[in-house]
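Read the numbers this way: they start at 1 and go in the same order the structure lists the ligands and their atoms.
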Amino acid sequence: MWLGWLSVAVVLAARATATEQPSWAYSPPYYPSPWASGQGEWEDAYDKARTFVSQLTLTEKVNLTTGVGWMEEACVGQVGAIPRMGFRSLCMQDGPLGIRFADYVTAFPAGINVGATWSKDLAYLRGRAMGAEQRDKGVDVQLGPAIGPLGRSPDGGRNWEGFGPDPVLSGNLVSQTIKGIQDVGVIACVKHFIANEQERFRQAPEARGYGFNISESSSSNVDDVTMHELYLWPFADAVRAGVGAVMCSYNQINNSYGCSNSYTQNKLLKGELGFQGFIMSDWQAHHSGVGDALAGLDMSMPGDTLFLTGRSYWGPNLTIAVTNGTIPQWRVDDMAVRIMAAYYKVHRDRSQVPINFNSWTRNEFGYLHAGVQEGYGRVNEKINVRGRHAVVARKVASASTVLLKNNGVLPLNGKEDFTAIVGEDAGPNLWGPNSCPDRGCANGTLAMGWGSGTADFPYLVTPAQAIESEIALKGVGNVMSVFDNYATSQIKSVVSQSTVSLVFVNAGSGEGYISVDGNEGDRKNLTLWKNGDELVETVASLCNNTIVVMHTAGPVLVDKWYDHPNVTAILWAGLPGQESGNALADVIYGRVNPGAKSPFTWGKTAEDYGVSILKAPNAGTKAPQVDFKEGIFIDYRRFDKMNTEPIYEFGFGLSYTTFAFSDIRIESLQAEPYAPTEGYTTPAPNFGNSSDELQFPSGFSQVRLYIYPWLNSTNLKEASMDPEYGLPTEEYVPPGATDGRSQPLLAAGGGPGGNPGLYEELFKVSVTITNTGKKTGDEVPQLYVSLGGPNDAKVVLRGFDRITLRPGQSTVWRTSLTRRDISNWDPVAQNWVVTAHPKTVYVGNSSRNLLLSAPLTSSSARL
Ligand code: NOJ
């Protein structure tokens, strides 16, 4: 298949719909694709990459950029090898909470739990532990962490893979996760870029599966301010943290596909944020050959157009396009250099071990090329890579358990006369914890969502298991568990005898290719599953000490019972992974003092959130248009703006002790004036010009449907198999896209994560925090800023930490504000500006408990 017509389709689609949409629903072209320069901490890696790539032939470079096809090798995605250089095929493997499709691995708590810890240290430790497991299985690129979806609406199916809907919470935790993964020698791939905020309509063929006939993926229509101040923000942090790879998303952004979008990829990511690593497509999110290459895509995953077609937009077509000059050599060189720079940046040359597992079977022996059932051998060495990571998993899980209500009943001591444990969510999946593919069912306790962001459990400690053992070991009380939510008379009988009842409820969500009880990835509503509300109400009606534990993918509606006088405590344990029960018992029995804070708002109604996912197509069979009209006002910003009282606000969480905040001080620092970046790039470099045979080597034995870089004819037209081959390039190559001359730098760019001046500290802030209670505990000081403008949120989070204090102990918490922290995006200047509006700093322990405040009064001239 030739690539020309595909590019035409994408460019024209963007223009055709532009007139029918708000002006910002159009994605302007931005070319050429910025070439890597090795800026910032990339210099060494870039130099090594340049040396390596300079020795490669065209087909070898192409091999680095293109996957070999779905299920054609051991990993969820792999590119071609370069045997001449002794370079084995790179392995990409999910996902954000551990290794998907593998055995003897750790099932860590989900990203949303890391969000609830508000702990940069724990984010780093979990990242490091995940990275070590991936490394030891032979993985080169971990397909995570996820920060898109950010969490525009609470029903978004994959919100739990990330850290919550605030860009600063997310940005800090994603940075630490990336550092953890990459410090142990694995490339992190942050995803999904960008505005990938709902599952529904993310892919047209998938949507047909649940009954909608649409021809294209939905378009997330986002204005420039919202893009910068909300969705791009954590990606800037990821780039600044040195992330090696970014995955472009399924959805369109302003009517141009994520992986075809020159504005988001060339301008925002590679231009403005100065990203030096490589962009890989989500699986089947690659939509055009020449078009996507020029729009900044660097690696096609899994390589075939659709799974197992045996054809590719790249592979041989990329070889042809470079050979006939449609794509300049510098662009393919840049793809290869970016991939290899990421490789060297995390020292893969020193940390790589052979791939020793197989995504497609847990058996020891199987097909080497499972997709086509060819080759047979030992594919899974069953190497146990868990180390002592269970300790990390348990620590993150207990540190992420949010105490939402406590009438003084918690912690328990395990010697209660009669404990009732009620609810399916307390017990096991009767088919086994890994019985449902990619965790796509709702059986037993919920410890992760479903989809590609999952891992196989090595074991799953259920809440009932941990609590029953605790009580049995103490040897005093009775404990009875009822796991059937609908066994009302049995529940009533047990609960009537109990002195304390723990009732477990849940609500999950996941990725769009699996539907669980009508939740097609995204949640169909925000209510608890399996009669949850009635279950709580039944228990609370009979037991005056009812403790509710929730395992949910995000906020649920608790309005029916949260203030019931018999509901004495409420805990949200999120999606805690394999150590679920142990971690919960740590909190319930007081070994761990809860210090977690909710990473999202708990509204009284679904409507209070303002937006939900788009449920029905709104453009006929054309791409559904998801207009992000709410702008930056999601989650707590929306509640604040509308003066809506939530049940529990963003940042809220109780402890078994109490804390006081006092003495806020602000010191204004000497700073250089903000200087827009000026100047030009160097011209695009070419690396080596070794030509090679473009045709298949003679006698080469092909694996069926495998994607190779070689051609099966010496005639390019024939090799392309495209009847339209030879179409004039003006018809599909955008103006300027092949221009390799020096290019002007962007004013807001100039360094990793954007203009270095944005990260300059302008103020120091300090606050005294005292543990005024009787137990050692953790507090999370949260710094919010009011930017003061008429279109600004009331407050936005700008800093936080998690600190441990003994009873009576005080500490001075010190933090700083950078220029970026107090800036707004100016869409006219295309840069960040500090506005003249008066700004205020607040510090407290939730978004609505802002205990201290002070104006920011530096002479704005210097800002
Ligand atoms: C599709 C998902 O969107 C992505 O997150 C995942 O990494 C790939 N599939 C590979 O499994």
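- Ligand 1 has no atom lying under 4.0 Å from any heavy atom of Met92.
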Derivation of the side-chain hydrogen bond (donor to acceptor under 3.5 Å, both in side chains) call for Glu197 and Ser153: CA-CA 8 Å; Glu197 295 293 322; Ser153 57; over 6 Å; no

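- Listed by atom number, the atoms of ligand 1 under 4.0 Å from Arg100 heavy atoms are 11 (O).
- The shortest N or O to N or O distance between Trp283 and ligand 1 is not under 3.5 Å.
- Residue-ligand proximity, Arg202 to ligand 1, at heavy-atom distances under 4.0 Å covers atoms 3 (O).
- Shown in contact with Arg158 at under 4.0 Å from a heavy atom are these atoms of ligand 1, numbered in order with element: 2 (C), 3 (O), 4 (C), 5 (O).
- Shown in contact with Lys191 at under 4.0 Å from a heavy atom are these atoms of ligand 1, numbered in order with element: 4 (C), 5 (O), 6 (C), 7 (O).
- Atoms of ligand 1 lying under 4.0 Å from any heavy atom of Leu143, numbered from 1 in the order shown and given with element: 7 (O).
- For ligand 1 and Val76, the ligand atoms under 4.0 Å from any heavy atom of the residue are 11 (O).
- Taking the ring centroids of Phe87 and Tyr343, they lie under the 6.0 Å cut-off.
- Note on ring orientation: taking the six-membered ring where Trp is involved, the planes of Trp70 and Trp360 are perpendicular (angle over 60°, cut-offs 30° and 60°).
- Taking every heavy atom of both residues into account, Leu230 and Ile634 meet most closely at CD2-CD1, 3.9 Å.
- Below 4.0 Å from some heavy atom of Tyr250 lie the following atoms of ligand 1, by number and element: 1 (C), 3 (O).
- Closest non-hydrogen pair, Met335 versus Ala293, comes out as CE-CB, 3.6 Å.
- The aromatic rings of His369 and Tyr706 sit perpendicular, their planes meeting at an angle over 60°, well past the 30° parallel limit.
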